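Working notes, beginning with the structure itself.
Computed from heavy atoms alone, side chains included, the values below leave out hydrogens, waters and symmetry copies. Atoms within a ligand are numbered from 1 in the order they appear, just like the ligands themselves. All of these numbers come straight from a predicted model, not from anything done at the bench.
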Amino acid sequence: MFNLILFGPPGSGKGTQSDLLVSKYGLVHLSTGNLLRSEIADKTPLGIEAKNFMDKGQLVPDEVVIGMIDNCLELHKDAGGFLFDGFPRTANQAKALDKLLELKRTAIHSVLALEVTEEELVKRLLERGKTSGRSDDTNEAVIRNRFAVYQNETAPVAEHYKAQHKFKAIPGEGTVADISAALGEQIDKVLERQRKEQEAFE
Ligand code: B4P
């Protein structure tokens, strides 16, 4: 199994790159942002609760997103691997994910972090807001709040994976194709290492 986390601030290209990587590596894409937006579109009680947080640029409570991920892992029992996009976003979410994967006798194998300057992020999100209809992308104050939340609550998650020697930063500015190639190069290295370890074990 191969489990990857795509990490980075709002608008760094996690969703964009995930779409390319899941087809290349045959992974199941788990985006908490997409899952929450689908609950909002269906007007479920979970979606109505989540919208209040997302519209303000705040994180949805941990127990809600952890429950969603748990359900998805159960739904895809036979998957060859997962790409976690936008999850975990807090230290509690990271600890919960370790436990959920341990129960399934697997783990996170690689965390790739897209690095993009704040000015570029604001530009991208305001641009996306013109067409996406996403209420969290149209107001610059909400976007700035999302960055503050990222710095305070999400950036420390990197330490969790650095301590496990699984974390690698990748430049997130440039063409989508070039960034995808850089991510692919790193994934191939990890897969090659996994293959050698497996061979040595057999
Ligand atoms: P998410 O849906 O995860 O999205 P995001 O961080 O806004 O964007 P992403 O990094 O995926 O950027 P994208 O590829 O789209 O989160 C939304 C909200 O959901 C959060 O604020 C929070 O409230 C809630 N939420 C989600 N997960 C949660 C969790 N685990 N816990 C609690 N709350 C949670 O790219 C952005 C734009 O840039 C696009 O328009 C794209 O076309 C453009 N772009 C991409 N790559 C580019 C490049 N190389 N050059 C130029 N433009 C590029």
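- At a heavy-atom distance under 4.0 Å, only side-chain atoms of I179, from C-beta outward, approach ligand 1.
- With a 4.0 Å heavy-atom cut-off, ligand 1 is reached by the side chain of V65 but not by its N, CA, C or O.
- What sits closest to atom 22 (C) of ligand 1 on the protein, heavy atoms only, is Q58 O, 3.8 Å.
- Annotation: R195, atom CZ; neighbour count of heavy atoms from other residues, nucleotides and ligands within 6.0 Å is above 12.
- Both M68 and V60 belong to a common hydrophobic cluster when Ile, Leu, Val, Met, Phe, Trp and Tyr are linked at side-chain heavy-atom distances under 4.5 angstrom.
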CA sep, side-chain torsions, deciding dist, call: Q198, Q194, side chain to side chain donor-acceptor pair (under 3.5 Å)
CA-CA 6 Å; Q198 184 65 28; Q194 237 184 19; over 6 Å; no
For the pair K123 and E118, evaluate salt bridge (Lys or Arg N to Asp or Glu O under 4.0 Å) and give the outcome as yes or no after the intermediate values.
CA-CA 9 Å; K123 211 168 78 189; E118 187 164 323; over 6 Å; no
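- In this structure, P61 has no heavy atom closer than 4.0 Å to ligand 1.
- Considering backbone and side-chain N/O of P88, none are found under 3.5 Å from N/O of ligand 1.
- By the 3.5 Å distance cut-off applied to N or O atoms, R37 is counted among the residues near ligand 1.
- Applying the 4.0 Å criterion to heavy atoms of F87 picks out, from ligand 1, the atoms 30 (N).
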Test log, rule side chain to side chain donor-acceptor pair (under 3.5 Å), inputs K166 and Q164
CA-CA 5 Å; K166 293 174 179 169; Q164 299 179 8; 2.9 Å; yes
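- Contacts between R146 and ligand 1, counted as non-hydrogen atom pairs separated by less than 4.0 Å, involve the side chain only.
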Begin from the C-alpha positions of T117 and E173 and carry the test side chain to side chain donor-acceptor pair (under 3.5 Å) through to its verdict.
CA-CA 8 Å; T117 58; E173 291 186 41; 3.1 Å; yes
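- In summary, the atoms of ligand 1 found under 4.0 Å from a heavy atom of G86, numbered by their order in the structure, are 27 (N), 28 (C), 29 (C), 30 (N).
- Across every non-hydrogen atom of R146 and D137, the tightest pair is NH1-OD1, 2.8 Å.
- Shown here is E102, whose CD atom has no more than 12 heavy atoms of other residues, nucleotides or ligands within 6.0 Å.
- Nearest protein heavy-atom neighbour of atom 33 (N) of ligand 1: V60 N, 3.1 Å.
- Looking at ligand 1, you won't find any N or O of F53 less than 3.5 Å from one of its N or O atoms.
- Results of the side-chain contact (heavy atoms from CB on, under 4.5 Å) test with F84 over V111, L97, L4, L6 single out L97 as the only residue that passes.
- S12 counts as a contact of ligand 1, since one of its heavy atoms falls under 4.0 Å from the ligand.
- The protein heavy atom nearest to atom 25 (N) of ligand 1 is L36 CD1, 3.6 Å.
- At least one heavy atom of G11 sits closer than 4.0 Å to an atom of ligand 1.
- Checked against a 3.5 angstrom limit, the closest N/O atoms of R128 and ligand 1 fall inside it.
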Residues K162, E159; criterion salt bridge (Lys or Arg N to Asp or Glu O under 4.0 Å); working and verdict:
CA-CA 5 Å; K162 281 181 189 166; E159 301 308 318; 3.7 Å; yes
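- The protein non-hydrogen atom at the shortest distance from atom 44 (N) of ligand 1 is R124 CD, 3.9 Å.
- Contacts of R134 with ligand 1, taken as heavy-atom pairs under 4.0 Å, involve the side chain alone.
- Looking at D62 against ligand 1, nothing comes within 4.0 Å, counting heavy atoms.
- When only non-hydrogen protein atoms are considered, atom 49 (N) of ligand 1 lies nearest to G174 O, 3.0 Å.
- Just one of P9, S12, P171 meets the side-chain contact (heavy atoms from CB on, under 4.5 Å) condition when paired with L114; it is S12.
- Considering both main-chain and side-chain atoms, T16 comes within under 3.5 Å of ligand 1 through a nitrogen or oxygen pair.
- Protein heavy atom at the shortest distance from atom 10 (O) of ligand 1 is K14 NZ, 2.9 Å.
- For atom 1 (P) of ligand 1, the choice among M54, R89, Q93, E127 with the nearest heavy atom turns out to be R89.
- What you find for A113 and F167 is that their closest heavy atoms are CB-CZ, 3.5 Å.
- Between S31 and ligand 1, not a single N/O pair is under 3.5 Å apart.
- Residue G15 has at least one N or O atom closer than 3.5 Å to an N or O atom of ligand 1.
- Note: the hydrophobic cluster containing M1 does not contain V22 (ILVMFWY, side chain heavy atoms under 4.5 Å, direct or indirect links).
- Taking the six-membered ring for Trp and thresholds of 30 and 60 degrees, Y25 and F2 have ring planes inclined between 30 and 60 degrees apart.
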